[in-house]
Amino acid sequence: MAKGVWIVAEQRDGTMRKISFELASTARKLADQLGEEVCAILLGSGIEGIAGELSKYGVDKVYVADNAALEPYTTDAHATAIAKVVKENDPSILLLGASIQGKDLSSRLVGKLATGMATDCTDVKIVDGKFVAIRPMYAGKCYGEVVISSTPQMASLRPNVFPIVENPKAGTVVKFDPGLDPAQLKTKVLEVQKDTSGKVDLTEANFIVSGGRGMKGPEGYQILEGLADVIGATVGASRAAVDAGWRPLSDQVGQTGKVVSPNLYIACGISGAIQHLAGMSSSKYIVAINKDPGAPIFTKADYGVVDDLFKVVPELTEACKKLLAE
Amino acid sequence: MNIVACVKQVPDTEAQIKVKPDGSGIDESGIKWVMNPYDEYGLEEALRLKEKFGGEVTVVSLGPARVMETIRTALAMGADKGIHICDPAFDGADAYTTATALAAAIAGIPHDIIFCGQRAIDDDSGQVGSVLAELLGIPQLTIVTKVDVDGMSIKVIRPIEGAQLLIEGTLPCVVTAQKGLNEPRYASLPGIMKAKKKPLDTKDAAALGVTVDVKAKVARFIPPPARAAGKIIGGDDPTTKAAELARLLREEAKVI
Ligand SMILES: Cc1cc2nc3c(=O)[nH]c(=O)nc-3n(C[C@H](O)[C@H](O)[C@H](O)COP(=O)(O)OP(=O)(O)OC[C@H]3O[C@@H](n4cnc5c(N)ncnc54)[C@H](O)[C@@H]3O)c2cc1C
Ligand SMILES: Cc1cc2nc3c(=O)[nH]c(=O)nc-3n(C[C@H](O)[C@H](O)[C@H](O)COP(=O)(O)OP(=O)(O)OC[C@H]3O[C@@H](n4cnc5c(N)ncnc54)[C@H](O)[C@@H]3O)c2cc1C
């Protein structure tokens with residue numbers, strides 16, 4: 001019978017990604033309720049050394065495939081390797097990140113393992129011994145409880161939603177052969193263009209300062225960058241701002257942009273159209289700064305300031321600077 | 001070049017979604033249905049490749065009778081033929097089953113590239129393209145913002161967190177479209193007239209040889225957690241309001 005809660009850890013350039021610790025901590029919680037083991041799969045080249053980091057968050061055993069064909073990530077190579085080790089070990093639950101890589105990989109695995117998956121979950125739990133996953137649907141306009149009748153029961157977890165909990169274990173590392181035939185690998189990464197700004201991606205950011213049409217133009221964003229620098233935030237935008245060419249597409253938050261779950265989302269000059277709310281309503285705290293008291297964003301905001309953003313934001317930046325210096 | 005575009009009909013992005021009182025599903029009354037926005041990008045790219053290389057674009061859609069309108073829209077935009085997979089057996093199908101049906105329909109026609117949206121904006125599962133690729137035994141290139149085809153080789157751009165990848169693959173393959181890929185065209189009036197005469201096949205589960213085996217099921221639908229009404233920060237001027245906001249973020253919310 002299928003047994004064990006497994007995760008697929010994610011690393012980039014030999015550094016473990018935060019989502020891996022979110023997955024490990026969540027898997028530990030589920031496994032404790034089931035009285036089972038937590039195992040992780042870690043793939044890449046020259047990555048064996050970082051396997052131990054997972055044990056700090058409750059992983060008992062890390063299955064490592066260290067192979068040049070696994071770096072950089074391609075769907076072909078990773079899905080093949082994971083399907084192999086999963087079939088050999090028959091876990092009951094398999095968790096992945098709903099990161100860009102995780103989305104690509106997990107869906108291919110659904111095909112390879114012929115199982116069901118709940119994607120982009122905001123909660124997973126054990127109810128009466130059964131795995132239940134909660135996921136937003138219709139862009140967060142409703143939620144669904146998904147049950148899966150085949151194994152492994154797969155779920156991908158939305159980044160930045162699940163808490164990281166330290167729970168050190170004496171973890172072991174098990175090496176496995178990914179079983180790759182280079183002739184079977186049909187895609188290749190030719191080039192990686194890194195964003196050198198050093199900013200955390202919106203989907204993983206703890207703090208986001210976002211601006212909409214109310215910013216009036218690309219220059220307006222300088223005051224948002226100023227606030228973002230002080231509180232350590234990433235700058236986002238509404239579709240109106242992106243379509244106007246003020247900000248790059250990668251900054252768009254919303255139904256056809258990025259879904260974000262920061263601790264704090266500060267919306268400046270954004271009306272709060274339903275498609276924008278779809279992307280940010282799972283933020284822990286929402287602040288709205290808008291001169292129109294009737295703007296729908298205020299119905300979602302924990303804190304609202306009705307005023308001209310060009311006057312409020314610089315003052316807020318100064319106030320935060322002062323508080324943080326104390 | 002033979003190109004397939006999978007299109008799904010979904011509720012309009014403005015639609016209010018109400019969960020049925022017994023949690024068994026959503027109330028579909030009064031919903032306006034549209035083509036999934038990501039599928040518009042996929043279809044547009046399919047049409048551009050056809051314009052460049054010649055060949056045919058086939059649109060495939062699974063869903064009830066109303067889905068026919070979306071297929072007609074795709075034909076009016078310039079697709080050549082349509083396949084409508086229609087069978088009540090597919091009600092409540094999961095991604096795996098949906099992909100199985102699409103794969104069966106597509107396996108039967110010539111295909112060099114298959115376009116899907118990166119996700120459908122109703123169920124938001126984002127799985128169908130990849131499962132389809134696996135079932136057809138071909139590579140996938142997902143969430144892409146640029147496509148470049150040269151002979152049997154394809155190059156795409158995929159933005160990931162903090163970087164962009166240039167990935168090369170071989171045809172046939174599945175590509176899933178992300179916003180930014182292109183600007184979808186509108187159906188023209190002559191296009192709408194022509195669409196009426198274009199071939200449109202309807203197939204059921206038996207014709208495709210597909211058995212429905214749902215593996216992931218939504219057991220219960222729940223309304224989203226309500227956000228408690230927030231605080232509007234008072235004050236005489238922007239300076240006091242900003243100072244009060246900063247104080248609340250630090251002392252009450254404890255986020256900064
Ligand atoms: C299929 C589809 C998908 C979409 N996807 C997305 C998406 O992913 N993301 C998204 O954001 N939108 C999306 N939209 C667009 C969405 O419907 C709205 O048009 C958009 O979100 C509006 O952006 P905005 O709030 O910046 O602009 P507006 O609605 O124009 O709001 C600007 C706000 O700024 C305020 N303002 C102006 N000046 C000031 C000032 N000096 N100080 C303070 N406040 C000021 C105004 O009061 C107003 O509330 C989508 C639409 C469709 C049809
Ligand atoms: C509210 C709700 C929540 C659900 N949650 C889950 C879940 O968590 N896991 C699960 O496995 N199933 C789930 N299901 C079942 C769900 O119906 C299937 O996932 C669905 O059939 C396909 O997934 P999708 O619509 O999200 O498509 P996606 O995988 O998001 O769609 C990607 C692309 O595939 C193509 N495509 C998808 N469907 C069709 C179609 N019918 N015709 C033509 N092309 C299509 C389109 O190009 C589309 O852009 C859910 C169903 C409902 C109603």
Side-chain angles (χ1 to χ4, degrees), chain A residues 75-76 99-101 103-104 107-108 110-112 115-120 137-150 186-195 201 203-204 231 249-250 255-256 263-264 274-275 285 300-307 311-312 315-316 319-320 323, chain B residues 11 13-14 17 19 26 37 94-96 99 121-127 130-131 133-135 139-143 159-170 179-180 215-224 227 230-233 238-239 241-243 245-246 248-250 253 255-256:
Chain A
T75 325
D76 282 2
S99 57
I100 294 180
Q101 178 175 312
K103 282 178 186 162
D104 179 78
S107 307
R108 186 78 186 201
V110 164
K112 276 201 193 299
T115 185
M117 171 168 69
T119 51
D120 207 15
M137 296 167 323
Y138 297 94
K141 292 178 207 168
C142 90
Y143 281 62
E145 286 181 2
V146 182
V147 291
I148 296 159
S149 55
S150 49
K186 293 196 173 125
T187 57
K188 196 163 81 198
V189 176
L190 299 180
E191 204 182 306
V192 181
Q193 280 173 11
K194 290 225 171 83
D195 166 13
D201 190 77
T203 55
E204 301 172 321
I231 62 171
L249 186 62
S250 54
Q255 189 159 21
T256 48
N263 251 327
L264 176 63
I274 197 160
Q275 299 94 346
Y285 285 97
K300 296 280 173 188
D302 300 283
Y303 300 108
V305 176
V306 182
D307 212 322
K311 294 189 182 133
V312 178
E315 295 288 351
L316 180 60
C320 289
L323 282 182
Chain B
T13 52
E14 293 280 349
I17 299 295
V19 174
I26 61 148
D94 60 358
Y96 191 85
I121 62 154
D122 50 355
D123 307 340
D124 284 325
S125 89
Q127 302 176 49
S130 302
V131 180
E134 174 63 26
L135 295 174
Q140 71 192 52
L141 296 157
T142 62
I143 322 190
I160 59 170
E161 299 91 352
Q164 290 216 63
L165 307 179
L166 174 64
I167 309 176
E168 184 180 49
T170 52
K179 186 184 182 226
K215 296 161 193 292
K217 202 169 168 169
V218 183
R220 198 161 70 94
F221 290 74
I222 19 188
R227 285 194 89 99
K231 236 181 228 174
I232 294 291
I233 293 165
T239 316
K241 289 182 200 171
L245 174 58
L248 287 168
L249 290 177
R250 187 158 181 94
V255 282
I256 63 167

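Per chain, numbering begins at 1; letters A, B, ... match sequence-line order.
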Subject >> Heavy-atom closest contact (A/T187 atom, B/G169 atom, distance) >> reply: CG2-CA, 4.0 Å

Original post:
Where does A/D120 contact chain B at under 4.5 Å (heavy atoms): side chain, backbone, both or neither?
Top reply: neither

Subject >> Close side-chain approach of A/V306 and B/I232, heavy atoms under 4.5 Å >> reply: yes

Original post:
Which answer fits A/L323, side chain, backbone, both or neither, if we ask what part of it has an atom under 4.5 Å from a heavy atom of chain B?
Top reply: both

**OP:** Measure across B/A216 and A/G116 and return the closest heavy-atom pair with its distance rounded to 0.1 Å.
**Re:** CB-CA, 3.9 Å

Original post:
Measuring heavy-atom distances to chain B, does A/S150 have an atom under 4.5 Å in its side chain, in its backbone, in both, or in neither?
Top reply: both

Original post:
More than 12 foreign heavy atoms under 6.0 Å from NZ of A/K112: is that the case here?
Top reply: yes

Original post:
What residue in B/P238, B/P139, B/G230 has the most heavy-atom pairs under 4.5 Å with chain A?
Top reply: B/P238

Subject >> N/O donor-acceptor pair under 3.5 Å between A/S107 side chain and B/G126 backbone >> reply: yes

**OP:** Count the heavy-atom pairs under 4.5 Å between each of B/Q164, B/E134, B/E14, B/E168 and chain A, then report the option with the highest count.
**Re:** B/E134

**OP:** Specify which of B/A133, B/P11, B/P223 makes the most heavy-atom pairs with chain A at under 4.5 Å.
**Re:** B/A133

Subject >> Test item: B/Q127 side-chain N/O and A/G111 main-chain N/O as donor-acceptor pair under 3.5 Å >> reply: no

Original post:
Got A/M137 and B/F221 here, is their nearest side-chain heavy-atom distance under 4.5 Å?
Top reply: yes

Original post:
Using non-hydrogen atoms only, which part of B/P159 is less than 4.5 Å away from chain A: side chain, backbone, both, or neither?
Top reply: backbone

Subject >> Any donor-acceptor N/O pair, B/D124 side chain to A/A139 backbone, under 3.5 Å >> reply: yes

Original post:
Out of B/I256, B/T170, B/L245, which one racks up the most heavy-atom pairs below 4.5 Å with chain A?
Top reply: B/L245

Original post:
So do the side chains of A/I100 and B/E161 get within less than 4.5 Å of each other, counting heavy atoms only?
Top reply: yes

Subject >> chain A contact via B/A95 - side chain, backbone, both or neither, heavy atoms under 4.5 Å >> reply: neither

Original post:
How far apart are the closest heavy atoms of A/D104 and B/Q140, and which atoms are they?
Top reply: OD1-NE2, 3.0 Å

**OP:** Against chain B, label A/D195 side chain, backbone, both or neither, depending on which of its atoms sit under 4.5 Å from a heavy atom there.
**Re:** both

Subject >> Euclidean distance, A/D307 CG relative to B/K241 NZ, rounded to 0.5 Å >> reply: 3.5 Å

Subject >> Under 4.5 Å from a heavy atom of chain A, the part of B/A99 involved >> reply: neither

**OP:** Go through the atoms of A/S250 and report whether side chain, backbone, both or neither lie under 4.5 Å from a heavy atom of chain B.
**Re:** neither

Original post:
For the candidates B/I222, B/I167, B/V131, which exhibits the highest count of non-hydrogen atom pairs separated by less than 4.5 Å from chain A?
Top reply: B/I222

Original post:
Is it true that the side chains of B/T13 and A/Q275 contain a donor and an acceptor less than 3.5 Å apart?
Top reply: yes

Original post:
At a heavy-atom separation under 4.5 Å, does A/L190 approach chain B through its side chain, its backbone, both, or neither?
Top reply: both

Original post:
Does any non-hydrogen side-chain atom of B/I160 lie less than 4.5 Å from one of A/Q101?
Top reply: no

**OP:** Select one option (side chain, backbone, both, neither) describing which atoms of B/I121 are under 4.5 Å from chain A's heavy atoms.
**Re:** both

**OP:** Could you tell me which of B/V19, B/D123, B/L135, B/D94 has the largest number of non-hydrogen atom pairs under 4.5 Å with chain A?
**Re:** B/D123

Original post:
Which one of A/E204, A/K194, A/M117 has the most heavy-atom pairs closer than 4.5 Å to chain B?
Top reply: A/M117

**OP:** For B/R220 and A/E145, indicate whether the former's side chain and the latter's backbone hold a donor-acceptor pair under 3.5 Å.
**Re:** no

Original post:
Considering all heavy atoms of both residues, which atom of B/A242 and which atom of A/E315 are nearest to each other, and what is their separation?
Top reply: CB-CB, 3.5 Å

Original post:
Which atom names give the shortest non-hydrogen contact between A/V147 and B/A219, and what distance separates them?
Top reply: CG2-CB, 4.1 Å

